[in-house]
Participant: 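Input: one structure, supplied below.
What's counted below: heavy atoms across the whole structure, side chains too, no hydrogens, waters or symmetry copies.
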Amino acid sequence: MEYTEIETNAVTLDNSVIFHVIKDVIGFVLYMHQQIPSVLQDIRLEFDSLKDEYRELAVDLAQAEAIASVRRKHMSRIREVKVRIRRMEKLMNTISGLESALQLIISEIPSLESFILVLGASPIRPQNVYELCFSRGIPVPRDASDFAKTKAAEGLSRKAIRALIAKGAGSDSYPGI
C-alpha cells in the first residue's frame, strides 16, 4: 500500500478544513467508483435548478392561458421535473446526513487524526480503502459549529484530489482518467 504526504502552509488544521477535505475526498472517491452520478457540487446545483424550474413551471401554469395544449405541455413538464426531484431527494438527504454526521464527529473528537473510507460490499473484505491522516500541530480553539469553507480547505482538498488522481484512484472503474 502506498501513502502520499501532502503538505500545506497552514500552521494548524482546524475543524472546518478537515471537514471540507474529508467531504471533498469522499465525493471524489464515490464519483470515481461510480457510486454517485456526478461530483457533489454538480449534484447540488442540479437539484437546486430542478427545484427552481418546478417553482417557475407552477407559476407559469397558474398564469397559463386556457388553451388545453399549452396546459398539457406544462403539466407534462411539471410531472417530469417532479419525478427527477423525487429521485434526487433521497440522494440529497443521504448527502446531508453524511455531512451532519461528519460535522458532529469532527466537533466531538477534538484530536481527530485519521479518517478511513471503506468501499465494498463488506468491511471485512473491502474493495478499496482510503485513509486520510491529519497532523494538526498546535490545537486551536475554534467554534465547533463554524464549518465555512476557507481558501486553505479549498487548496488542501484540491491537493488531496490531485494526489488521488496521480495514484490512479478509481481508474479501474472509471476509464476517463
Participant: For Glu131, give me all partners under salt bridge (charged side-chain N to carboxylate O under 4.0 Å, His left out), at least two apart in sequence or on another chain.
Facilitator: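 Expected list: none.
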Participant: Side chain to side chain contact (heavy atoms under 4.5 Å, CB included) with Ser122: which residues, sequence neighbours excluded?
Facilitator: Ile124
Participant: Kindly work out whether a path of hydrophobic side-chain contacts (I/L/V/M/F/W/Y, heavy atoms less than 4.5 Å apart) joins Met75 to Ile85.
Facilitator: yes
Participant: Report the C-alpha separation of Phe115 and Ile106 in whole Å, then their side-chain angles, then the decisive distance to 0.1 Å, and conclude whether the side-chain contact (heavy atoms from CB on, under 4.5 Å) test is met.
Facilitator: CA-CA 10 Å; Phe115 182 84; Ile106 291 170; over 6 Å; no
Participant: Between Leu45 and Leu50, is there a shared hydrophobic cluster once you connect ILVMFWY residues whose side-chain heavy atoms come closer than 4.5 Å?
Facilitator: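 Not linked; separate clusters.
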Participant: Checking Arg158 now: which residues fulfil side chain to side chain donor-acceptor pair (under 3.5 Å) with it, not counting sequence neighbours?
Facilitator: Glu154
Participant: Can you name the residues that form a side chain to side chain contact (heavy atoms under 4.5 Å, CB included) with Ala58, not counting sequence neighbours?
Facilitator: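 If we apply the side chain to side chain contact (heavy atoms under 4.5 Å, CB included) test to Ala58, skipping adjacent residues, there are no hits.
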Participant: How long is the straight-line distance from CG of Asp52 back to CG of Leu57, given to the nearest 0.5 Å?
Facilitator: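 It comes to 11.0 Å.
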Participant: Among all residues two or more places apart in sequence or in another chain, which pass the ring-ring contact (aromatic ring centres under 6.0 Å, His included) test with Tyr54?
Facilitator: none
Participant: Would you indicate whether the side-chain heavy atoms of Ile36 and Ile95 approach each other to under 4.5 Å?
Facilitator: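 SC-SC contact between Ile95 and Ile36 ruled out.
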Participant: Where do Ala153 and Ser16 come nearest, in terms of heavy atoms and distance?
Facilitator: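 Here Ala153 and Ser16 meet closest at CB-O, 4.5 Å.
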Participant: Partners of Glu80 by side chain to side chain donor-acceptor pair (under 3.5 Å), sequence neighbours excluded?
Facilitator: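 Scan of Glu80 (side chain to side chain donor-acceptor pair (under 3.5 Å), adjacent residues dropped) gives Arg77.
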Participant: Applying side chain to side chain donor-acceptor pair (under 3.5 Å), name anything that partners Lys149, two or more places apart in sequence or on another chain.
Facilitator: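 Result, side chain to side chain donor-acceptor pair (under 3.5 Å) vs Lys149: Asp24.
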Participant: May I have all residue pairs that pass side chain to side chain donor-acceptor pair (under 3.5 Å) and include part of residues 86-96, sequence neighbours excluded?
Facilitator: none
Participant: Mind checking whether Leu119 and Tyr130 have side chains closer than 4.5 Å, heavy atoms only?
Facilitator: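 The answer is yes; the side chains approach within 4.5 Å.
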Participant: Looking at NE2 of His20 and CG of Asp14, how far apart are the two atoms once the value is rounded to the nearest 0.5 Å?
Facilitator: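 His20 atom NE2 to Asp14 atom CG measures 9.0 Å (nearest 0.5 Å).
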Participant: Would you compute the distance between atom NZ of Lys151 and atom CG of Leu156 and round it to the nearest 0.5 angstrom?
Facilitator: 15.5 Å
Participant: Could you measure the distance from the OG atom of Ser38 to the CG atom of Leu30? Nearest 0.5 Å is fine.
Facilitator: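 Answer for the OG-CG pair, Ser38 versus Leu30, is 11.5 Å.
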Participant: For Asn15 and Ser107, which heavy atoms make the closest approach, and how far apart are they?
Facilitator: ND2-CA, 4.2 Å
Participant: Mind checking whether Val29 and Asn128 have side chains closer than 4.5 Å, heavy atoms only?
Facilitator: no
Participant: Verify, without hydrogens or angle tests, whether Ser76 (side chain) and Lys73 (backbone) share a donor-acceptor contact under 3.5 angstrom.
Facilitator: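 Judged by distance alone, no pair lies under 3.5 Å.
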Participant: With clusters defined by side-chain heavy atoms of hydrophobic residues (ILVMFWY) lying less than 4.5 Å apart, directly or transitively, does Leu104 cluster with Phe19?
Facilitator: no
Participant: Do Val25 and Leu117 make a side-chain contact, defined as non-hydrogen atoms from C-beta onward lying under 4.5 Å apart?
Facilitator: no
Participant: Mind checking salt bridge (charged side-chain N to carboxylate O under 4.0 Å, His left out) for Asp42 and listing every partner two or more places apart, or none if nothing turns up?
Facilitator: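 Result, salt bridge (charged side-chain N to carboxylate O under 4.0 Å, His left out) vs Asp42: none returned.
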Participant: Tell me, please, which residues at least two apart from Arg44 pass salt bridge (charged side-chain N to carboxylate O under 4.0 Å, His left out).
Facilitator: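 So Arg44 forms a salt bridge (charged side-chain N to carboxylate O under 4.0 Å, His left out) with Glu99.
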Participant: Could you state the interatomic distance from CD1 (Ile22) to CG (Leu98), rounded to the nearest 0.5 Å?
Facilitator: 10.0 Å
Participant: With sequence neighbours left out, what residues match Glu56 under side chain to side chain donor-acceptor pair (under 3.5 Å)?
Facilitator: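 Glu56 satisfies side chain to side chain donor-acceptor pair (under 3.5 Å) with no residue once adjacent residues are dropped.
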Participant: If the condition is side chain to side chain contact (heavy atoms under 4.5 Å, CB included), which residues does Arg72 pass it with, not counting sequence neighbours?
Facilitator: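 Per chain and number, Arg72 pairs via side chain to side chain contact (heavy atoms under 4.5 Å, CB included) with Ala68, Ser69.
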Participant: Transitively linked via ILVMFWY side-chain contacts under 4.5 Å: Leu91 with Met32?
Facilitator: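 Linked, Leu91 and Met32 end up in one cluster.
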Participant: Is there a side-chain contact (heavy atoms from CB on, under 4.5 Å) between Tyr31 and Leu40? Walk through the geometry before answering.
Facilitator: CA-CA 8 Å; Tyr31 173 66; Leu40 292 178; over 6 Å; no
Participant: Hydrophobic clustering (ILVMFWY, side-chain heavy atoms < 4.5 Å, transitive) - are Phe134 and Ile109 grouped together?
Facilitator: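 Shared cluster, yes.
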